[in-house]
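Sequential numbering from 1 along the given sequence is applied to the chain's residues.
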Amino acid sequence: NISTKELLQRMSARRFPWGWLVFMLMGVLMAIVAYDVHYSPNIKASKTVRFLEHYGILTVLEQAWGRITTFVYLVMNWSEENFPRYYKGIKETAVPAVRQAWQTAVELTAQFGE
């Protein structure tokens with residue numbers, strides 16, 4: 001089929017490496033920020049932090065960080081309370097099935113190995 005061959009040819013054609021470009025741009029940006037922060041007298045005096053404060057980005061980042069830490073705290077508390085219970089249920093259900101599957105695999109291996 002001509003349309004299938006054409007589609008396959010387009011899909012296998014070499015494309016522009018956008019992932020590599022984004023990776024390199026992020027690396028350069030991080031290096032510039034690190035250089036700015038390192039060579040400033042303190043972090044508040046760096047041009048990066050002043051830029052972030054001027055445009056209100058720093059406030060948004062602080063709010064996001066507060067929400068993230070709250071969420072992580074809630075998840076950790078939930079995990080500490082519920083993980084043992086769920087682990088026990090999974091262990092009671094999965095261990096017999098895994099043992100049976102292992103025994104079957106050993107038996108099949110012994111059969112085909114003879």
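Considering every non-hydrogen atom in both Pro96 and Lys91, the closest pair reads CD-O, 3.9 Å. Residues Ser46 and Ser40 come closest through the heavy atom pair CA-OG, 3.2 Å. In plain terms, the two heavy atoms of Glu53 and Leu58 that are nearest each other are CG-CD2, 3.3 Å.
Tyr87 and Val95 are members of different hydrophobic clusters when ILVMFWY side chains are connected at heavy-atom separations under 4.5 Å. With hydrophobic clusters built from ILVMFWY side chains whose heavy atoms lie under 4.5 angstrom apart, Phe51 does not share a cluster with Val60. Residues Tyr35 and Val33 do not share a hydrophobic cluster, clusters being chains of Ile/Leu/Val/Met/Phe/Trp/Tyr side chains in contact below 4.5 Å. At a threshold of 4.5 Å between side-chain heavy atoms, the hydrophobic network of Ile, Leu, Val, Met, Phe, Trp and Tyr places Trp78 and Tyr73 in two separate groups.
Around CD of Glu107, the count of heavy atoms belonging to other residues, nucleotides or ligands within 6.0 Å exceeds 12. Under a cut-off of 6.0 angstrom, the local environment of CZ in Phe16 is crowded, with over 12 non-hydrogen atoms contributed by other residues, nucleotides or ligands.
To the nearest 0.5 Å, atoms CD1 (Ile90) and CZ (Phe83) are separated by 7.5 Å. Leu7 contributes atom CG, which lies 10.0 Å from atom CG of Asn1 (distance to the nearest 0.5 angstrom). Atom CE of Met76 is separated from atom CG of Leu74 by 11.5 Å, given to the nearest 0.5 angstrom. Note that OG1 of Thr48 and CG of Leu29 are 8.5 Å apart. Values are rounded to the nearest 0.5 Å. Rounding to the nearest 0.5 angstrom, the gap separating the CE atom in Met30 from the CG atom in Leu25 is 12.5 Å. In this structure, CD1 on Ile32 lies 9.5 Å from CG on Asp36, to the nearest 0.5 angstrom.
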Start with the C-alpha gap between Met24 and Leu21, add the side-chain angles, then the distance that decides, and say whether side-chain contact (heavy atoms from CB on, under 4.5 Å) holds. CA-CA 5 Å; Met24 291 303 291; Leu21 180 67; 5.5 Å; no
